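What you are looking at is a predicted structure, and each value in this text was computed from that prediction instead of being measured. FYI, side chains are in, hydrogens and waters are out, and symmetry mates aren't considered; it's all heavy atoms of this structure.
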Amino acid sequence: MMAILLLLTRFLDNKRKWSLFLMEVVAFFLLWYDRLAYIYAGDPSRKGYFMVRISNFLVFFLTSGVVFSFNLYLINLFNSTGDKVPAKRLNLVAAVSAMGMFLSIVAAFTGLYYYFDENNVYHRGQGFLIAYVIPIICPIIQYTVIRQYKKSLSKLIYISLVLYIFVPIGCGLLQIYFYGISIVNMAMVAVSVSLYIFTYLDINDTVERAHEIEIRNMQGVQKRMKRLFDQTAKAFVSAVEMKDDFTKGNAVKVAEYARKITERCGLGEEYCDAAYYAALLHDVGLIGIPDSVIKNEEDPDKWDIEAFRQKPIMGKEILSNIPEYPFLSTAAHYSHERYNGTGYPEGLKGEEIPEIARIVAVADAYVTMTSKKRYRDARPDFVAREAFIKGAGVEFDPEFAGLMVKIIDEESRQKSHDDISAVEKELSCGEYRDAISLGIPVNGNITKIRFRCDISPDMNNGFSEPAIVLFDSYDRRVHTDEKTIKAYHYQEYGEIWFDDHSITTAARKIQETKLDEAAGYEKLEPDEYEIIAAKYDDHLKLIIRGPEYEKEDIIALTDGSTSVYIGITGENCHISNISIELTGEVADAKYIPRISDEISYIDHMESDIKNIQISQTRSAATDGIEIKNKLKINFHSMSLPVASFIWHCPYIVIYSSDNGQVYGDNYHEYALIKINGENEIKDKYAENRFVMKKKEDFPGWEAWKESNKEGVECQVNMEKKGNTIFTTTENLGVYIENTTVINENPGKVYVALTGDRCALTDIRVK
């Protein structure tokens with residue numbers, strides 16, 4: 001059967017196949033005649049006389065024949081691996097095995113190995129042991145060759161060869177002591193069969209490896225094709241973006257955010273790639289927009305807007321020439337549609353808009369908002385964040401808008417809005433305020449700022465002096481025109497010079513004190529200036545030092561919820577070597593004495609829990625309230641005057657801690673719910689199912705924000721069943737329902753009120 005199967009095998013070298021075939025045929029006859037020898041042993045008939053002699057002769061003959069055929073197999077095996085055949089040792093084995101076959105012929109006539117009595121019974125002859133020299137010595141010689149060339153053999157083939165050699169040797173030694181059972185012959189047949197089996201297994205491994213190599217090669221080709229497509233697409237997009245300097249690099253950013261959104265949806269890699277390239281190429285229709293429209297530095301007029309409305313149509317026409325990837329033209333054509341049906345070119349609504357286009361629309365909107373245009377500066381992340389919260393279900397698919405908000409939040413934690421590395425190192429100042437640095441943030445850590453200032457050589461007896469501007473702005477820039485002041489919520493507190501002059505604008509009060517020479521500060525170079533700044537609550541302290549004048553300024557800001565930046569400027573001077581050092585020293589009430597009363601928005605009636613004023617994100621929280629069964633919390637909320645965004649509102653936090661306080665020992669947070677309809681899922685300790693709906697009486701976000709500034713009554717309903725907590729609340733048409741399933745056994749679970757830039761008063765619990 002093995003021999004027949006070998007004839008059907010197509011994956012073996014031809015010579016190796018036929019030598020293996022010969023081995024199987026020899027093993028077949030060895031087994032057959034060995035059986036016949038036992039069948040006719042002791043048969044006194046004439047037939048028995050001949051059969052017992054012929055069968056025993058062939059058993060001894062074929063035993064050496066097996067060694068000879070195995071030797072031939074080894075020669076062909078090593079030839080197939082490309083190794084030079086060690087001819088001397090294998091030729092010696094061939095000669096010795098041939099000699100063994102010759103001796104078996106001699107033994108048949110001389111009784112050297114065996115003889116028969118008158119009953120045709122087999123008996124060992126005096127030279128019986130000579131017959132077992134060849135099956136033992138020859139395989140050992142063959143093994144020396146196999147061992148030498150082991151590295152060129154597969155593991156399976158090596159094992160099969162070792163078995164083929166040493167199993168018969170072991171059986172040959174046993175055969176000396178066990179008379180009447182042909183252990184050696186049976187062993188040789190068994191290993192001959194195993195040789196084919198192991199060879200076949202090796203073929204399977206070889207085919208699998210070849211298949212894996214083929215797959216890897218195909219994957220390599222696919223990767224190269226993908227790289228080629230990627231490079232071609234980016235080159236094409238780069239050529240399109242050359243029409244407008246302000247769009248360079250935007251397409252890649254849109255593509256990256258489209259991929260991030262798609263990955264968060266749990267969609268497969270193929271779909272993520274589709275979203276990436278659809279976003280990368282969605283704006284190619286820009287190539288058909290006139291340069292006069294693209295390079296218009298004013299706000300787009302109706303003619304410009306109409307020209308831009310042709311962009312998706314032209315993009316579709318261009319990308320329709322790539323029928324292999326229909327999603328490219330689909331995204332280009334529909335990415336300017338709006339979820340509420342107010343978009344273009346077809347005014348599709350909701351899920352009528354293809355999903356890939358809804359994804360690209362969100363990614364494109366974010367990059368557009370946070371990129372500089374000819375007619376406006378880039379918007380900061382939190383402005384884009386609010387746009388997505390407001391636009392969810394209106395302009396944007398609510399699911400994808402929500403995912404974009406999560407991405408913005410994560411990236412905001414990774415990159416600081418108050419990065420000081422972007423501040424200019426030098427400024428050339430001519431007329432008053434014609435050059436002002438990027439704002440340097442001032443917070444609770446003491447910051448030292450130094451620079452050098454040279455008077456301009458072109459100055460003709462005019463004023464020449466550096467100065468600083470104290471302000472707050474979304475983009476950390478000083479603004480002067482009404483439009484940008486409103487857009488970036490710019491607020492200027494005052495301007496201070498390096499002498500006894502200062503101007504107060506939005507600051508409530510500035511108190512200046514001249515420093516005496518015994519103040520103990522390091523001596524400055526003749527052209528060197530220094531500012532030491534820190535903020536505590538709603539007060540700011542500045543040490544202003546120059547070559548001729550040193551002073552201390554205490555500034556009372558509007559309230560503790562505002563940010564403050566220092567912009568360096570001057571007149572008729574050159575400012576250089578601007579350096580900023582964050583000392584790590586923390587300012588406190590002792591370091592910054594109060595010069596104006598604290599502005600409080602919580603000096604109202606207190607009920608069950610003390611009122612709180614939250615000046616920054618989660619800067620304060622109420623005492624914890626244990627959630628037992630059912631719980632109802634009523635309170636009055638008012639957003640602070642500086643509140644600008646819809647998330648400047650109360651938050652509900654569910655947690656556990658040893659002392660029942662927010663951020664207490666062993667603090668575990670389970671849910672954070674914002675009454676504007678946002679949530680921060682805390683997957684580490686609990687699972688949350690969150691639902692937010694805007695009801696028919698929802699007034700719109702701008703009216704919602706205004707109502708919160710005027711003050712609103714809020715109610716939170718909670719119920720605890722085992723480790724599950726149900727929370728519901730509705731505020732000005734925003735309905736929230738959240739189910740929190742806690743994954744641990746904390747003992748006591750608490751709820752507290754916190755928030756961002758809001759005041760919570762008259763808190764009642766029942």
*Salt bridge Glu744-Lys684, side-chain N to carboxylate O under 4.0 Å*: no
_Close side-chain approach of Phe382 to Ile408, heavy-atom, < 4.5 Å_ = no
*Where Tyr366 and Thr370 come nearest, the two heavy atoms and their spacing*: O-OG1, 2.8 Å
*Does the salt bridge (charged side-chain N to carboxylate O under 4.0 Å, His left out) test come out yes or no for Glu424 and Arg477, once each step is laid out?*
CA-CA 12 Å; Glu424 298 87 343; Arg477 290 289 184 187; 3.0 Å; yes
*Which atoms form the tightest heavy-atom contact between Leu280 and Ala233, and what is the distance?*
CD2-CB, 3.7 Å
_Using side-chain heavy atoms (C-beta onward) and a distance below 4.5 Å, is Leu281 in contact with Phe236?_
yes
_Any side-chain donor near an acceptor of the partner, Glu355 and Tyr271, under 3.5 Å_ = yes
*Tell me, please, whether Trp647 has Arg385 positioned over its six-membered ring: NZ or CZ under 6.0 Å from the ring centre and within 45 degrees of its axis?*
yes
*Applying salt bridge (charged side-chain N to carboxylate O under 4.0 Å, His left out), run through Lys705 and Glu386 and close with a yes or a no.*
CA-CA 12 Å; Lys705 284 198 298 184; Glu386 182 173 61; 3.4 Å; yes
*asked:* So that I can tick it off, tell me whether Lys349 and Glu352 are bridged by a salt bridge, with the cut-off set at under 4.0 angstrom between side-chain N and carboxylate O.
replied: no
*What are the two closest non-hydrogen atoms of Asn738 and Ala671, and how far apart are they?*
ND2-CB, 4.2 Å
*Considering non-hydrogen atoms only, spot the tightest contact between Tyr488 and Pro380 and give its length.*
CE2-CD, 4.1 Å
*In terms of side-chain geometry, is the basic nitrogen of Arg618 or Asp756 positioned less than 4.0 Å from the acidic oxygen of its partner?*
no
*Is the shortest heavy-atom distance from the side chain of Ile646 to the side chain of Ile389 under 4.5 Å?*
yes
*Pairwise side-chain contact, His282 with Asp364, heavy-atom cut-off 4.5 Å (strictly under)*: yes
*For Val367, does its backbone N or O pair with a side-chain atom of Ser371 as donor and acceptor, under 3.5 Å?*
yes
*For residues Glu241 and Asp283, determine if any side-chain heavy atom of one lies less than 4.5 Å from a side-chain heavy atom of the other.*
no
*Check: Tyr339 ring centroid to Phe396 ring centroid under 6.0 Å*: no
*Do Glu411 and Lys406 meet the salt-bridge criterion of a basic N to acidic O distance under 4.0 Å?*
no
*Rounded distance (nearest 0.5 Å) linking atom OH of Tyr490 with atom CG of Asp475*: 10.0 Å
*Got a salt bridge between Glu395 and Arg338, using NZ or NE/NH1/NH2 to carboxylate O under 4.0 Å?*
yes
*For residues Val653 and Glu669, determine if any side-chain heavy atom of one lies less than 4.5 Å from a side-chain heavy atom of the other.*
yes
*For the residue pair Pro345 and His333, what are the closest heavy atoms and their distance?*
CD-O, 3.1 Å
*Establish, for the pair Lys155 and Tyr158, whether the NZ or CZ atom is under 6.0 angstrom from the six-membered ring centre and no further than 45 degrees off its axis.*
no
*Taking the six-membered ring of Tyr735, is the NZ or CZ of Lys693 close enough (under 6.0 Å from the centre) and on axis enough (within 45°)?*
no
*Hey, are the side chains of His489 and Asp472 touching, using non-hydrogen atoms and a 4.5 Å cut-off?*
no
*Any cation-pi pair here, Arg358 with Phe400, using under 6.0 Å and within 45°?*
no
*Hey, do the aromatic rings of Tyr325 and Phe327 have their centres closer than 6.0 Å?*
yes
*What about the rings of Tyr474 and Phe645, do their centers lie closer together than 6.0 Å?*
yes
*Identify the heavy atoms of Ala361 and Ser335 that sit nearest to each other, and give their distance.*
CB-O, 3.3 Å
*Should the pair Tyr344 and His336 be assigned to parallel (<30°), tilted (30 to 60°) or perpendicular (>60°) ring geometry?*
parallel
_Counting C-beta onward and ignoring hydrogens, is there a side-chain heavy-atom pair between Leu403 and Cys265 closer than 4.5 Å?_
yes
